[in-house]
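Working notes, beginning with the structure itself.
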Amino acid sequence: CDVCAREVTELRLTATALTRADEVEPPASLRAAVLARIATAPQLPAPQLPAPQLPAPDDRPRDGQRRGQPRHPRLSRRVTAAAAAALVTVTGLGLTVAGQQRRLDSERQRADRLSALAAAALSRSAAMPLAGGGSLAVVAVAGNALVSARDLPVLTGGRVYQFWLAGPDGVRSAGIADGRAVAVDRLLTGVGDARSIVVTAEPAGGSARPTTPMLIDAPIRA
């Protein structure tokens, strides 16, 4: 109902404000000022509330009240609102976790498909050796280039393997791979007029242009 919805909103805003509250040291004069104010403020008598009457097991509902209906509807509404707010929070958390799980599953499926494509590339294309060890196979896939490297030597000093697309206008970076990786499968997009894949060992983070000798210059094969 509208009343419950409004109370849920108020509770949520209050909880948010409490999380943002900053703890500060009160001034030394605050206690004295509060006590002085209390001494001069008129004191109202506490309201006399009737003691709640619990019906006996055989009592019948009175004044049109149905059995089991709470005697303090406002308190009941606040409890219900708090429960609704908690339910909204738990539901939101569950949806977030479910969304993250779906994305993780999607990435795993993508990695599995890429590994399958890489295995197919190795079986269809003659792998070429890299200088210093390892091999590389490259296959054109719908305007992209599937690169599959195996038995790569571990690089030291934080260096990385960097892939380059080489064409008539020179080379351009196509990404890096961890220098400690033994096997790398990459689907390089935006191949354009590139004719081969060049691999170099570059400093950590990669380079704008190759700074070391080529480890391999592998043609892109359809």
Side-chain angles (χ1 to χ4, degrees), residues 16 19-23 89-222:
T16 302
T19 61
R20 296 176 179 173
D22 295 329
E23 183 177 354
T89 301
V90 172
T91 302
L93 179 60
L95 292 175
T96 300
V97 172
Q100 293 176 346
Q101 184 62 46
R102 285 194 298 270
R103 287 192 294 271
L104 179 59
D105 292 341
S106 177
E107 288 299 321
R108 285 175 176 170
Q109 292 174 2
R110 179 177 178 274
D112 291 341
R113 288 194 299 268
L114 185 56
S115 296
L117 286 172
L122 284 173
S123 65
R124 296 199 311 264
S125 176
M128 300 178 59
L130 276 75
S135 61
L136 185 78
V138 180
V139 175
V141 180
N144 305 315
L146 177 63
V147 178
S148 182
R150 292 293 183 271
D151 302 322
L152 296 174
V154 176
L155 300 178
T156 59
R159 293 180 300 163
V160 296
Y161 285 105
Q162 187 159 0
F163 301 95
W164 309 88
L165 291 169
D169 298 329
V171 298
R172 61 183 186 275
S173 178
I176 62 176
D178 192 338
R180 297 168 297 179
V182 178
V184 177
D185 296 324
R186 289 290 175 85
L187 184 63
L188 307 182
T189 60
V191 171
D193 59 354
R195 298 174 181 173
S196 64
I197 302 296
V198 173
V199 181
T200 59
E202 300 293 335
S207 305
R209 290 288 175 183
T211 62
T212 61
M214 294 186 303
L215 299 177
I216 192 173
D217 184 3
I220 300 176
R221 300 174 181 175

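The analysis underlying the following values was restricted to heavy atoms, covering all of them including side chains, and did not include hydrogens, waters or symmetry mates.
- Between V198 and P210 the shortest side-chain heavy-atom distance does not fall below 4.5 Å.
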Would F163 and V147 count as a side-chain contact (heavy atoms from CB on, under 4.5 Å) if you check the C-alpha gap in whole Å, the side-chain angles of each, and the deciding distance to 0.1 Å? CA-CA 9 Å; F163 301 95; V147 178; 3.9 Å; yes
Worked check of side-chain contact (heavy atoms from CB on, under 4.5 Å) between I197 and I220: CA-CA 7 Å; I197 302 296; I220 300 176; 4.0 Å; yes
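- When every heavy atom of G190 is checked against every heavy atom of N144, the shortest pair comes out as N-OD1, 3.7 Å.
- S207 and E202 get closest at one heavy-atom pair: OG-OE1, 2.8 Å.
- Closest of all the heavy-atom pairs between I216 and P129 is CD1-O, 3.6 Å.
- Taking both residues in full, the closest heavy atoms of L136 and A218 are given as CD2-CB, 3.9 Å, listed atom of the first, atom of the second, then distance.
- Using modelled atom types, one finds a donor on one side chain and an acceptor on the other under 3.5 Å when comparing D185 with S148.
- Shown here for G206 and Q162, the closest heavy-atom pair between the two residues is CA-OE1, 3.3 Å.
- Side chain of R186 to backbone of I176: a donor-acceptor contact under 3.5 angstrom is found.
- At least one donor-acceptor pair closer than 3.5 Å links the side chain of T212 to the backbone N or O of A201.
- We find the CG-CG distance between L152 and L215 to be 9.0 Å, quoted to the nearest 0.5 Å.
- The salt bridge (Lys or Arg N to Asp or Glu O under 4.0 Å) pairs that include a residue from residues 163-178 are D178-R180, where partners are two or more places apart or lie in different chains.
- Nearest heavy atoms, S196 versus P219: CB-CA, 3.8 Å.
- Formation of a donor-acceptor pair under 3.5 Å by the R150 side chain with backbone atoms of A137 is not found in this model.
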